[in-house]
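The structure under discussion appears below in the form of structure tokens.
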Amino acid sequence: MIIAIDGPAASGKGTLAKKLAAHFSLPLLDTGLLYRATARALLSAGAPLNDAAHATRAAQSLDIAKIDEHDLRGAAMGEAASVVAAIPSVRAALIDAQRRFANQPGGAVLDGRDIGTVIAPHANLKIFVTASPEVRADRRYKEALGRGEEVEYDVILADIRKRDERDSGRSAAPLKIAEDAVLLDTSAMSIEDVLAAAIRLVEAKSAAAKPPG
Ligand code: CDP
């Protein structure tokens, strides 16, 4: 089964994807890491993030099986990733590897922004995970405090709004809900509730796919 999970920053899609993949023993690809790794390549070379030729070469040379997650997780890299992710040739360079991952025998879970719309429009189940910008900012704020970082809620909220706007407003594979996706608004849901809801969706799809009798 191919499960596509899309949604905006801090919606909980990454956590859900990880737990769902573990629950059903499916391989998982966090596609945000591909854009983060591309952005890191530019930053470490001292190149501007809008250098399309450089960014495309960096994306082409990524090996999706060997992404070193070191330095990739923070908010600054997420912001940088959303700049390179708006470059159409960067997205094009990453499509085949993502599709191969999605189409491997036995299925896979992928999370990102365009999995249900572009990478795996044929996915068996598409979940669009969202939450209000305030709830998402609050989650990021608490995570940062937990790591001992000094952060301001208002700054995080402004960053989330800016990233939503860039990801939804770009012309190349903008963040949008696929027509056949199930919307999960996690604003008032715990991680356990979200996982339980998603497991029910997967089970309903599997039952519907089985021949009667
Ligand atoms: O976890 P968070 O949502 O903050 O970030 P992420 O999923 O790692 O994505 C970082 C950035 O990469 C996003 O803001 C998008 O601009 C971009 N991205 C994308 O364009 N397409 C994807 N399939 C995944 C990420």
Side-chain angles (χ1 to χ4, degrees), residues 2-19 28-43 49-50 52 55-56 58-59 62 64 67-99 101-102 108-121 123 126-131 133 135-144 147 151 155-178 181 184 186 191:
I2 303 175
I3 303 175
I5 303 185
D6 290 301
S11 55
K13 66 185 180 326
T15 308
L16 172 62
K18 215 175 275 162
K19 288 184 180 288
L28 168 70
L29 181 62
D30 170 355
T31 63
L33 286 178
L34 309 179
Y35 298 94
R36 287 170 180 260
T38 303
R40 179 178 56 194
L42 270 80
L43 293 172
L49 289 168
N50 61 2
T56 306
L62 279 185
I64 73 161
I67 292 188
D68 166 14
E69 291 191 25
H70 178 69
D71 274 357
L72 291 188
R73 290 287 175 192
M77 206 53 87
E79 172 64 25
S82 98
V83 177
V84 299
I87 303 172
S89 52
V90 166
R91 306 199 72 84
L94 296 170
I95 281 188
D96 284 351
Q98 293 178 82
R99 288 196 174 144
F101 191 93
V109 179
L110 290 87
D111 78 273
R113 300 290 190 286
D114 62 342
I115 308 303
T117 50
V118 174
I119 302 300
K126 302 179 187 178
I127 304 178
F128 192 91
V129 187
T130 192
V135 167
R136 291 187 279 127
D138 191 54
R139 288 178 187 158
R140 284 280 144 101
Y141 177 68
K142 287 183 179 139
E143 280 165 20
R147 288 193 298 265
V151 285
V155 173
I156 296 182
L157 179 59
D159 281 353
I160 284 204
R161 289 213 158 103
K162 189 163 90 187
R163 196 124 75 87
D164 282 357
E165 223 172 272
R166 189 184 292 130
D167 288 349
S168 311
R170 69 185 178 213
S171 55
L175 171 68
K176 64 168 187 233
I177 178 164
L184 266 188
T186 69
I191 291 172

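For this chain, numbers begin at 1 and follow the sequence in order. Indexing begins at 1, ligand by ligand and atom by atom, following the structure's order.
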Are any non-hydrogen side-chain atoms of Arg91 and Val118 less than 4.5 angstrom apart? no

Exam field: side chain Arg36 to backbone Arg73, donor-acceptor pair closer than 3.5 Å: yes

Flag, side chain of Lys126 to backbone of Pro121, donor-acceptor distance under 3.5 Å: yes

dist Leu110:CG -> Leu29:CG (nearest 0.5 Å) comes out at 5.0 Å

For Thr56, the side-chain hydrogen bond (donor to acceptor under 3.5 Å, both in side chains) test, sequence neighbours excluded, returns Ser89

Donor-acceptor side-chain pairing of Thr186 and Arg139 below 3.5 angstrom: yes

Can you name the residues that come within less than 4.0 Å of ligand 1, going by heavy atoms only? Ala9, Ala10, Lys13, Thr31, Gly32, Tyr35, Arg36, Gly78, Ala81, Ser82, Ala85, Arg91, Gly112, Arg113, Asp114, Arg140, Arg163, Asp167, Arg170

